[in-house]
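Structure first, commentary second.
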Amino acid sequence: MTYLQEDITPYEDGQEKEKQVEQMFDNIAHSYDTLNHRLSWDIDKGWRRKAIRQLKPFGPKAMLDIATGTGDFAILSAKMLKPDLLIGADISEGMMEIGRQKVEREGLQNVIRFEKQNCLSMSYDDETFDAVTAAFGIRNFQDLDKGLAEICRVLKTGGHLSIVELSQPVSFPMKQLFWIYSHTLLPLYGKMISKDKSAYKYLIATIEAFPQGEKMIEILKKAGFSDATFKRLTFGICTMYIATK
């Protein structure tokens, strides 16, 4: 089953979803980090740290950060986990170019490299990575089942997947407050800073369409993971998933 339908796209230009998502992230790359941090009041930094700490007991040496964007999750993982190699993979060269500049400033060029990859069909061999991470990116997969199965394929047996993804709160009054914020202030502020009026409307549509909690656990197990758990963060605005192959 495909959970994110083809008709949930950033633009109405007739291109397939993957091309539109690539174009969108290239368009907003210059403002992406500023928007991420401001729109979440910098709470997103803490979400990333919690997700990375889940991997610390396993000491991964070869890591993949899928939908890496501008590389914040990759850089933080490299600092906290000290892997020998960390590949940041994404479809947007505009986002990764900003990531490369950040990696150079941090002096992590010998650990982190960026590669353009289609998340539904990656070029890596089976069982390549000890751990895979993904922050706020898997809801953009054109086919969620296929993307997660591909992540499982490149992960070593016994390896771990750590995901943080935006989600809808389920309890009153946060559910109602989040709806108001996400449908009024967020797209308006996103448009003002990014100059892309479609990007942050698309963001909300993907959050609302994305399966969360128990449904996501079922999908992860269907994709080939032997065990998976989740934890809601900050009243359910974000959800963290940990899965083992």
Side-chain angles (χ1 to χ4, degrees), residues 3-5 8 10 21 24-25 28 31-55 65-77 80 90 95 132-141 144 147-148 151 160-194 196-220 228-243:
Y3 292 88
L4 291 184
Q5 301 300 324
I8 303 177
V21 170
M24 179 191 74
F25 282 115
I28 67 173
S31 60
Y32 182 79
D33 287 336
T34 298
L35 277 166
N36 256 8
H37 301 324
R38 288 186 183 178
L39 291 175
S40 72
W41 303 287
D42 276 342
I43 300 172
D44 62 303
K45 297 176 182 178
W47 295 336
R48 288 185 177 92
R49 288 187 178 277
K50 287 187 182 202
I52 294 168
R53 279 199 292 268
Q54 303 303 306
L55 299 176
D65 184 40
I66 197 80
T68 193
T70 61
D72 277 358
F73 208 17
I75 291 169
L76 193 57
S77 293
M80 292 178 65
D90 205 287
M95 298 281 277
V132 178
T133 57
F136 318 118
I138 62 171
R139 71 179 184 279
N140 296 308
F141 285 6
L144 180 59
L148 291 174
I151 290 173
H160 298 84
L161 167 64
S162 182
I163 296 170
V164 282
E165 190 54 83
L166 295 172
S167 53
Q168 296 184 88
V170 295
S171 301
F172 176 86
M174 200 63 197
K175 180 178 180 179
Q176 289 73 19
L177 291 172
F178 181 75
W179 191 96
I180 294 169
Y181 172 71
S182 62
H183 284 266
T184 56
L185 295 177
L186 193 151
L188 177 63
Y189 194 41
K191 177 184 175 181
M192 288 172 56
I193 295 181
S194 72
D196 188 321
K197 64 181 181 181
S198 298
Y200 285 83
K201 290 182 179 178
Y202 166 79
L203 167 69
I204 299 307
T206 57
I207 294 172
E208 293 177 346
F210 194 76
Q212 61 185 56
E214 291 84 357
K215 289 183 179 179
M216 184 62 177
I217 296 301
E218 292 176 9
I219 296 166
L220 284 162
T229 60
F230 76 94
K231 182 178 181 180
R232 290 189 172 94
L233 307 175
T234 316
F235 308 105
I237 295 172
C238 177
T239 303
M240 176 174 65
Y241 300 92
I242 303 296

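All of these numbers come straight from a predicted model, not from anything done at the bench.
Looking at heavy atoms from C-beta onward, Phe141 lies in side-chain contact with Ile66 at the 4.5 angstrom threshold. Residues Leu144 and Phe210 are in side-chain contact: their nearest non-hydrogen atoms beyond the backbone lie under 4.5 Å apart.
Remark: Ala135 pairs with Arg48, Phe73, Val164 by the side-chain contact (heavy atoms from CB on, under 4.5 Å) rule, at least two apart or across chains. Partners of Thr68 under the side chain to side chain donor-acceptor pair (under 3.5 Å) rule, at least two apart in sequence or in another chain, are Asp65. Partners of Glu165 according to the side chain to side chain donor-acceptor pair (under 3.5 Å) rule, which considers only residues two or more places apart in sequence or in another chain, are Arg139. By the side chain to side chain donor-acceptor pair (under 3.5 Å) test, Glu218 pairs with no residue at all, sequence neighbours left out. Evaluation of the side-chain contact (heavy atoms from CB on, under 4.5 Å) rule for Ser162 yields Ala51, Leu55, Thr133, Ile242 as partners, not counting sequence neighbours.
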Using a 3.5 Å cut-off and no angle test, enumerate the donor-acceptor pairs between side-chain atoms of residues 229-241 and protein atoms at least two apart in sequence or in another chain.
from	atom 1	to	atom 2	distance (Å)
Thr234	OG1	Trp47	NE1	2.8
Thr239	OG1	Ser167	OG	2.8
Tyr241	OH	Gly213	N	2.9

I'd like a table of donor-acceptor pairs (distance under 3.5 Å, sequence neighbours excluded) in which one partner is a side-chain atom from residues 169-177, with atom names and distances.
none

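The environment of Arg53 atom CZ is dense: over 12 non-hydrogen atoms of other residues, nucleotides or ligands sit within 6.0 angstrom.
The minimum heavy-atom distance linking Gly137 with Ala67 is given by the pair CA-CB, 3.8 Å. When all heavy atoms are compared, the tightest approach of Leu161 to Leu220 is CD2-CD2, 3.9 Å.
One distance of note links CD1 of Ile204 with CD1 of Ile207; it measures 4.5 Å at 0.5 Å rounding. Atom-to-atom distance recorded for Ile163:CD1 and Ile138:CD1 is 3.5 Å, nearest 0.5 angstrom.
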